[in-house]
Amino acid sequence: MTIDLTETTTGAINDALRQARLRLGGVASGMVLTLVIVTDEGAQYDAVRAASGAGRQHPCRILVVIIRRPGERSRLDAEIRVGETSPGETVLLRMYGPLGQHADSVVAPLLLPDTPVVTWWPGAPPAVPSENPMGALAQRRITDAASADVPRDALAALAAGYQPGDTDLSWTRATPWRSLLAATMDQPSGAVTGGTVSAEAGNPTADLIAAWLSHGYRVPFAVEPSTGPGITEVSFATADGEIAISRPDGRVAQLRRPGQPERRVALHRRETTELLEEELRRLDPDEVYAEALAELRPR
Amino acid sequence: MTVSNPLRDPRDRRIPRVAGPCVLVLFGVTGDLARKKLMPAVYDLANRGLLPPGFSLVGFARRDWAHEDFAQVTHDAVKEHARTPFNDTVWQQLAEGIRFVPGEFADDAAFDRLAQTVAQLDTERGTGGNYAFYLSVPPKFFPDVVAQLKRSGLSSPPQRPGGHRPWRRVVVEKPFGHDLASARHLNAIVNSVFGHDSVFRIDHYLGKETVQNILALRFANTLWEPVWNRGYVDHVQISMAEDIGIGGRAGYYDGIGAARDVIQNHLMQLLALTAMEEPVSFDAASLRAEKEKVLSAVRLPEDLATATARGQYAAGWQGGVEVPGFLEEDGIAPDSHTETYAALKLGVDTRRWAGVPFYLRTGKRLPRRMTEIALLFQRAPHLPFSATDTRELGQNALVIRVQPDEGVTVRFGSKVPGSAMEVRDVNMDFAYGESFTENSPEAYERLLLDVLIGDPPLFPRHQEVELSWEVLDPVEEFWAEHGKPEQYPAGSTGPPGADALMARDGRAWRRL
């Protein structure tokens, strides 16, 4: 059901949520976290859709913060959705006027007790996520460098302002690649002397994978532009010859290594919902990301 | 030895455990288990990216099939039974590595062809000479298959240059024998060819999330440990109820019965996990050591006549359908003594559990399908309420629901709202489906992956199997000498003897 509250308060929103829950027979008793989405009117539909999908795996309260028309007088409109697309609750909070500068005062009373808070910025990342008022509420802060105008600069800024609990969807996008690379290098090979990551220009995931590999092997991995889609190849120069995984079509990867038959393996690009699902699975600081990101810090 | 991989970091929780290059050879591909569980599990693993590039599946059976026919059978099984959505790219990758070898278990030539097939896969698909053999066949075929694997050289990996030696693993399913002697015999056959560490016994209950959660519940929390002992626990009930009859399994079931089919493996494993002490770590050796310790402390009461009960379902109405009795089922002798319901009272002779009875029961054609472990706590030593206030207060309970509706329930007394002091039982409930993913992996997915990775903690060791038989053998002998099982109507909660067993102790079974 959807409940629209105009010119409302957080107290009224909490009451409406409680009553909706009672009327639907106590759904959503097992919500595991609060997900705060900071977005704008144009991007909110896609973001809420992705989050509701992830909410099927991680039942949660989704609070969508939309700042509108800062010039008007202060006003809070709420749109409550319960028992529709996901097992949890979704509240769209539209804040007008100066209230937009104090969004945390609206969000804080609506956070679920006893459970973690995650903030997600689907658009360009804030300068320092942990110092942003919406980020300060959360244990886990999800940014997406790929949404920035210049993703590489955005990653560098995130690296400079990193605090434990920060994470970025361009790192999440790297997981299937990293998983395949790690599995490939489980097999004995000659010493790794360097390598390259080829990707569409401006792909922050490629930067992070190269940084992760450089950090792991203590040898430089270069990022080279290709025509895409996404990342098209990762290769290792080893003492025994080249080991390479290439994925020209964004779907199936070929694995080549010296003295062995070429093998193929499915390697899909993933939807935002899947990325969020992975992010919400663990809420402790991601130290491996921190180390890869540190390699990208401006020197 | 593998050199350490700098890309593997124990702090990196995003990268899943992926199996190394290997071939899975499946014997008994025409069986129900292969179609409904194993093939879908292989696909689900592939779909989750947990199988290595080049992974290959070889089927072996007495069928006149080509590779494509087997691929089609697998395709249909996957489409019908897989947990994850069907993805054509993933399927194509998998299908490229599917092979079939027709033949009989006594046929030398067939096993030579099998050896050629897997060797060819090593060169074509880079499977590295690592083979897992899944014996999804009745135990009577084990000697033939194992001997053939040895004769054809499949069971012994060649030494490769650089000291690297490929692995061989063999997977067997329950029943692990039908008594202690036969279990030992079966084990000797398998161990004559495969080392102890290469034998993986599948008890699919141990692959279930809820069963693994028993360990998390007990050893990751402080809340339960102080009361998890004879000081607070009155008794423990471990139940596995099925609503179905024996179906088409008459050939397997007649002469085996409920106790051997379910109590010896599933329920004894659940008992071990519930009653064992904390392992010093969660590696296979420590976990198995604790399970073996507690299984070796399990005792049968002196008088088996009052501590056991058994029954056979008679014709009746189950879930709104009229169903035949066990003795009328196809393939069951009209004078069969095989039980379809079994209940046992056991003691665990340790400081933690002395004097606390563990009641185990399992049966077919009961009202509903359900598996649970229930710890019933002692009543409060003194109640500062009047008797009428607490008339509706039962025993506090902690119930681990293994299936369906996986979760944990805590039952305790609460004041009924109103001006009078009245205390009644209420439930506090944790349901997996609510708090976690709707798609936790199937037990077989987890277990197959563990086999391919070579991770043994979830597989019972032979000693555990033997200890369970040592508990059950005297019961089976007693039953063999003492008449027939009682009849209970299909759809009822079991034979009167089972209720009498509890009533003698002043207790009652939890409602099914």
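Numbers restart at 1 for each chain; the letters A, B, ... are given by sequence-line order, proteins then strands. Note: hydrogens, waters and symmetry copies are ignored here, and every other heavy atom, side chains too, is used.
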At a heavy-atom separation under 4.5 Å, does A:Thr184 approach chain B through its side chain, its backbone, both, or neither? neither

Got a sec: does the CZ of B:Arg13 have more than 12 other heavy atoms crowding it under 6.0 Å? no

Name the member of B:Leu94, B:Thr89, B:Thr123, B:Asp12 that forms the most heavy-atom pairs with chain A at distances under 4.5 Å. B:Asp12

Name, in order of residue number, those residues of residues 262-271 of chain A that have a heavy atom at a distance of less than 4.5 Å from a heavy atom in chain B; otherwise write 'none'. A:Arg263, A:Arg264, A:Val265, A:Ala266, A:His268

For residues 206-216 of chain A, which residue pairs pass the side-chain hydrogen bond (donor to acceptor under 3.5 Å, both in side chains) check, not counting sequence neighbours? A:Arg152-A:Asp207, A:His215-A:Glu291, A:His215-A:Glu295

Report which part of A:Asp286 has an atom under 4.5 Å of a heavy atom belonging to chain B: side chain, backbone, both, or neither. side chain

Sort out for me which of A:Ala174, A:Ser179, A:Ala182 touches chain B most, counting heavy-atom pairs under 4.5 Å. A:Ala182

Considering all heavy atoms of both residues, which atom of A:Ala199 and which atom of A:Ala206 are nearest to each other, and what is their separation? CB-CB, 3.5 Å

Decide yes or no on salt bridge (Lys or Arg N to Asp or Glu O under 4.0 Å) for B:Glu445 and B:Arg48, but give the supporting numbers first. CA-CA 10 Å; B:Glu445 250 173 280; B:Arg48 289 163 67 206; 2.6 Å; yes

Counting C-beta onward and ignoring hydrogens, is there a side-chain heavy-atom pair between B:Val42 and B:Phe55 closer than 4.5 Å? yes

Where on B:Asn87 is there a heavy atom nearer than 4.5 Å to chain A: the side chain, the backbone, both, or neither? side chain

Based on non-hydrogen pairs under 4.5 Å, which of A:Gln260, A:Glu287, A:Arg282 is most in contact with chain B? A:Arg282

B:Arg11, part contacting chain A, at a heavy-atom distance under 4.5 Å: both

Heavy atoms from other residues, nucleotides or ligands near CZ of A:Arg256 exceed 12 (cutoff 6.0 Å): yes

Between the side chains of B:Arg446 and B:Glu209, is the shortest nitrogen-to-carboxylate-oxygen separation below 4.0 Å, so that they form an ion pair? no

B:Trp91 and B:His75 aromatic ring geometry - parallel, tilted or perpendicular at 30°/60° bounds: perpendicular

Heavy-atom pair count under 4.5 Å with chain A, highest-scoring of B:Pro52, B:Pro21, B:Pro53: B:Pro53

Which word best sums up how the rings of B:Phe70 and B:Phe100 line up, parallel for under 30°, tilted for 30 to 60°, or perpendicular for over 60°? tilted

Assign the ring pair B:Phe282 / B:Phe219 to parallel, tilted or perpendicular, where the plane angle (0 to 90°) is split at 30° and 60°. tilted

Within a strict 4.5 Å, meaning less than it, do heavy atoms of the B:Leu7 and A:Tyr217 side chains meet? yes

Using heavy-atom distances under 4.5 Å, tell me whether B:Asp9 contacts chain A through its side chain, its backbone, both, or neither. side chain

In terms of heavy-atom proximity below 4.5 Å to chain A, should B:Gln92 be classed as side chain, backbone, both, or neither? neither

